[in-house]
2 protein chains.
Amino acid sequence: MTTSSSRTPSVPGLRATRQRAAVAGLLDELADFRSAQEIHEELRRRGEGIGLTTVYRTLQALADADEIDVLRTGTGEASYRRCSEHHHHHLVCRVCGKTVEVEGPAVEHWADRVATLHGFAEISHTVEILGVCAGCRATG
Amino acid sequence: MTTSSSRTPSVPGLRATRQRAAVAGLLDELADFRSAQEIHEELRRRGEGIGLTTVYRTLQALADADEIDVLRTGTGEASYRRCSEHHHHHLVCRVCGKTVEVEGPAVEHWADRVATLHGFAEISHTVEILGVCAGCRATG
DNA sequence: CCCGATAATGGCACTCGTTGTCGATGCCGT
DNA sequence: ACGGCATCGACAACGAGTGCCATTATCGGG
Ligand SMILES: [Zn+2]
Ligand SMILES: [Zn+2]
Ligand SMILES: [Zn+2]
Ligand SMILES: [Zn+2]
């Protein structure tokens, strides 16, 4: 919330369209990772005229521009979420999907160190933590 | 190599078939992550009569029994690799696919701590490190 | 060793997420 | 306002993975 219109800084070579604004706007108010189809359904539910293909391509464009984060579910399908700009990772509830951004120098240093130790360069990494959140544990 | 026949410890309720042995045997001699289709092709190339469906199911069974590790490529397809039994992660060359098993208490503790701090339980995690190995860097 | 219960096989059809195609549409610089 | 060109979107195509199910193979018991 509150970060609604200040986003989408008009990427050069890309045109501002109603559909892109709709997808970007929805991502702004959503907290957890959502699949392309879920985003498409929600937009249609709200009366936004938008095609599924366009949603797919818009999400891909946003991901390429590092505007959103992508992660793969257990079945291999992609999920998208608007995130803060600085490097971080995700702590996700495997029941309700609640997502928390986490960070820490510990992993970053460990990853760099262990990779360098094995003679690797141009290092990147993916880290995801899964668990069951307090809310879901209470509900049983 | 050398760990060929000592593996596949006859899981109860499962029958020992030529096809399962072929898949398990191939995984024993392969070092890097391979997709189900690659494994199928290689087995056919060697004259092993085996169906693609069977390869898919055998790999899934091996993964369920924690005999092999699974990871998703960037496109979302699954890759499989025979791994040591204890908990570890992978350092993969994004050029040649060379894979190194890595481990360290640092990540494990960090993941548990940060998850617990946010009220999460039943914590698990996925960690993959990508880079370019020394060999590939030399070759340019 | 033989046999029957049943797990496993594998060809095929099918699901489903995702991408390619391409004529219509609508931004935007001039 | 005009026109070039990025974008849109309905539809078809693609590909990994799975369900189906008749056929085959395994293995424990007789
Ligand atoms: Zn939850
Ligand atoms: Zn990191
Ligand atoms: Zn390499
Ligand atoms: Zn770990």
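The chains referred to below are lettered A, B, ... by the order of the sequence lines, with proteins before strands, and numbering in each begins at 1.
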To the nearest angstrom, the CG-P distance between A:L59 and D:dC8 comes to 12 Å
Output field dot_bracket for DNA chain D (Watson-Crick or G-U, both distances under 3.5 Å, | for other-strand pairs) contains ||||||||||||||||||||||||||||||
Q.
Is it true that A:Q19 and A:T58 share a donor-acceptor pair across their side chains at a distance under 3.5 Å?
A. no
From the list B:T73, B:L71, B:V70, side-chain contact (heavy atoms from CB on, under 4.5 Å) with B:F33 holds only for B:L71
By ring pair (Phe, Tyr, Trp, His ring centres under 6.0 Å), B:Y56 pairs with (sequence neighbours left out) none
Here the gap from A:I123 atom CD1 to B:I129 atom CD1, rounded to the nearest 0.5 Å, amounts to 7.5 Å
Cluster membership besides B:L117, Ile/Leu/Val/Met/Phe/Trp/Tyr side chains within less than 4.5 angstrom, sorted by chain and number, is none
Looking at B:E67 and B:R82, does any basic side-chain N land under 4.0 Å from a carboxylate oxygen?
yes
If you take atom types as modelled and just measure distance, does the side chain of A:T53 reach the base of D:dC11 with a donor-acceptor pair under 3.5 Å? yes
| query | Using a cut-off of less than 4.0 Å, is there contact between a side-chain N or O of B:Q37 and OP1 or OP2 of D:dG15? | reply | no
Result for 5'-nearest mapping on DNA chain D, choosing between B:R57 and B:S35, is B:S35
To the nearest 0.5 Å, atom CD1 of A:I50 lies from atom CZ of A:R20 at 10.0 Å
Rounded to the nearest 0.5 angstrom, the CZ-CG distance for B:R34 and B:D32 is 5.5 Å
Under 3.5 Å, which protein N or O atoms sit close to an N or O of nucleotides 27-30 of chain C? Give each pair with its distance.
from	atom 1	to	atom 2	distance (Å)
C:dC27	O2	A:R15	NH1	3.3
C:dC28	OP1	A:A16	N	3.4

Requested in this report: Using a cut-off of strictly less than 4.0 Å, decide whether B:Q60 has a side-chain nitrogen or oxygen near OP1 or OP2 of D:dG17.
Outcome: no
Residue pairs passing the side chain to side chain donor-acceptor pair (under 3.5 Å) test with at least one member in residues 121-130 of chain B, sequence neighbours excluded, are A:R94-B:S124, B:H87-B:H125, B:H89-B:H125, B:E108-B:H125
Against the side chain of A:E77, the closest entry in C:dG17, D:dA6, D:dA16 is C:dG17
Note: B:K98 and A:F120 closest approach over all heavy atoms is O-CZ, 4.3 Å
In numerical order, the residues of residues 40-52 of chain B whose heavy atoms come under 4.0 Å of DNA chain D are none
Here the distance between atom C1' of C:dG10 and atom CZ of B:R20, to the nearest Å, is 14 Å
Pairing of A:E42 and A:R45 as salt bridge, 4.0 angstrom limit: yes
